[in-house]
**Q** 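What follows is a structure written as structure tokens; I'll ask about it next.
Numbers for residues simply follow the sequence, beginning at 1. Quick caveat: nothing in here was measured; it's all calculated off a predicted structure. Heavy atoms only: backbone and side chains are in, while hydrogens, waters and symmetry mates are out.
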Amino acid sequence: MTTRIMIVYDSENGHTERLARSIAEGARLNHTEVALKHVNEADVNELVSADAIIWGCPGHFGTISSGLKSWIDKLGYLWAQGKLVDKIGAVFCTTATVHGGLESTLLNLITPMLHQGMIIVGLPASITENALYGSYYGVGVTCPVETDPDGPPNLPTGDDLSLGRSLGKRVAEMAGRYRSAERE
């Protein structure tokens with residue numbers, strides 16, 4: 001059976017979407033079926049058929065963006081039915097400034113997963129890029145505020161996208177292992 005991962009993201013200017021796409025790329029390295037959806041097109045009921053769920057957003061003053069938070073708030077029925085218990089979960093975010101609340105946003109993203117009874121997967125220090133400038137809670141990257149409104153956007157760097165691919169690959173591996181162990 002194919003491992004299925006659903007990635008849900010909120011993105012306002014393309015920064016977080018680009019990071020989400022790199023996470024999907026990493027997950028697909030394990031021949032995993034990936035559904036990548038903006039929060040405006042994602043249905044919470046689709047989570048039930050996923051083996052793993054990854055969600056992320058821009059950090060707004062150290063917390064979850066209103067778009068993703070509104071979507072997460074629709075999980076009450078799934079919580080009441082225990083539909084997401086024991087699913088693998090991971091998170092990611094972008095911020096506009098260094099020390100702009102990356103880790104607090106990641107922790108705020110993890111909290112609803114814990115309420116759902118999910119198993120959280122982060123990135124270990126054995127991933128070189130993560131040990132240098134990452135976070136153990138998920139992937140958090142800084143895309144500086146653009147100073148020229150007519151210039152190109154400050155999208156995630158190659159190293160940032162590498163961390164995204166690492167998270168996707170790790171979640172796919174862990175979901176596959178967990179799924180195999182359940183069948184034994």
**Q** How long is the span from the CD atom in Glu17 to the OG1 atom in Thr94, to the nearest 0.5 Å?
**A** 11.5 Å

**Q** Indicate if Met6 and Ile23 have the same hydrophobic cluster label, given that clusters are the connected sets of ILVMFWY residues with side-chain heavy-atom separations under 4.5 angstrom.
**A** no

**Q** So which atom in Thr95 and which in Gly101 form the shortest heavy-atom distance, rounded to 0.1 Å?
**A** CG2-C, 4.3 Å

**Q** Quick one: does any side-chain atom of Thr111 pair with a main-chain N or O of Leu107 as donor and acceptor, under 3.5 Å?
**A** yes

**Q** How long is the span from the CG atom in Asp43 to the NZ atom in Lys74, to the nearest 0.5 Å?
**A** 9.0 Å

**Q** Can you confirm whether the side chains of Thr32 and Thr3 place a donor and an acceptor under 3.5 Å from each other?
**A** no

**Q** So, does Asn154 use its side chain to make a donor-acceptor pair with the main chain of Pro144 at under 3.5 Å?
**A** yes

**Q** Taking Asp150's backbone N and O only, do any of them form a donor-acceptor pair with Asp148's side chain (distance below 3.5 Å, no angle check)?
**A** yes

**Q** Answer with yes or no whether the hydrophobic clustering places Tyr77 together with Val8; edges join I, L, V, M, F, W, Y residues whose side-chain heavy atoms lie under 4.5 Å apart.
**A** yes

**Q** State plainly whether one hydrophobic cluster holds both Val34 and Tyr178, where clusters connect Ile, Leu, Val, Met, Phe, Trp and Tyr through side-chain heavy atoms under 4.5 angstrom apart.
**A** yes

**Q** Which heavy atom of Ala27 sits nearest to which heavy atom of Ile5, and what is that distance?
**A** CB-CD1, 3.9 Å

**Q** As a quick check of understanding, evaluate side-chain contact (heavy atoms from CB on, under 4.5 Å) for Val44 and Ile72, giving each step before the final call.
**A** CA-CA 8 Å; Val44 296; Ile72 288 170; over 6 Å; no

**Q** Do we see a donor-acceptor contact under 3.5 Å between the side chains of Asn108 and Thr105?
**A** no

**Q** I'd like a table of donor-acceptor pairs (distance under 3.5 Å, sequence neighbours excluded) in which one partner is a side-chain atom from residues 49-56, with atom names and distances.
**A**
unit_1, atom_1, unit_2, atom_2, d
Ser49, OG, Glu46, O, 3.2
Asp51, OD1, Arg179, NH1, 3.1
Asp51, OD2, Arg4, N, 2.8
Asp51, OD2, Arg179, NH1, 2.5
Trp55, NE1, Leu109, O, 3.1

**Q** Out of curiosity, Leu155 CG to Cys143 SG, how far, rounded to the nearest 0.5 Å?
**A** 6.5 Å

**Q** Please determine whether a side-chain nitrogen of the Lys or Arg among Arg21 and Glu25 lies less than 4.0 Å from a carboxylate oxygen of the Asp or Glu.
**A** no

**Q** Which heavy atom of Val139 sits nearest to which heavy atom of Leu163, and what is that distance?
**A** CG2-O, 3.5 Å

**Q** State the CE-NZ distance between Met113 and Lys87, to the nearest 0.5 angstrom.
**A** 12.0 Å

**Q** Going through the distances and angles, do Asp73 and Ser70 end up as a side-chain hydrogen bond (donor to acceptor under 3.5 Å, both in side chains)?
**A** CA-CA 5 Å; Asp73 287 345; Ser70 177; 5.8 Å; no

**Q** Listed by chain and number, what are the ring-ring contact (aromatic ring centres under 6.0 Å, His included) partners of His38, not counting sequence neighbours?
**A** Tyr9

**Q** Does some side-chain heavy atom of Pro58 sit less than 4.5 Å from a side-chain heavy atom of His15?
**A** no

**Q** Consider only side-chain heavy atoms of I, L, V, M, F, W and Y, link residues closer than 4.5 Å, and tell whether Leu123 and Leu161 are in one cluster.
**A** no

**Q** Is the backbone of Ser11 close enough, under 3.5 Å, to the side chain of Thr16 for a donor and an acceptor to pair up by distance?
**A** no

**Q** Walk me through whether His31 and Thr2 qualify under side-chain contact (heavy atoms from CB on, under 4.5 Å).
**A** CA-CA 8 Å; His31 308 290; Thr2 302; over 6 Å; no

**Q** Let me confirm one number: the CG-CD distance from Leu84 to Gln81, rounded to the nearest 0.5 Å.
**A** 11.0 Å

**Q** Is the backbone of Tyr137 close enough, under 3.5 Å, to the side chain of Ser135 for a donor and an acceptor to pair up by distance?
**A** yes

**Q** Under 3.5 Å, which donor-acceptor pairs do the side chains of residues 164-174 form with other protein atoms, sequence neighbours left out?
**A**
unit_1, atom_1, unit_2, atom_2, d
Ser166, OG, Ser162, O, 3.1
Lys169, NZ, Glu173, OE2, 3.4
Arg170, NE, Gly122, O, 2.7

**Q** Would you give the length of the straight line joining atom CG of Asp10 to atom NZ of Lys69, rounded to the nearest 0.5 angstrom?
**A** 13.0 Å

**Q** What's the shortest heavy-atom distance between Ala20 and Phe92, and which atoms?
**A** CB-CZ, 3.7 Å

**Q** Grouping I, L, V, M, F, W and Y whenever their side-chain heavy atoms are under 4.5 Å apart, do Val85 and Leu75 come out in a common cluster?
**A** no

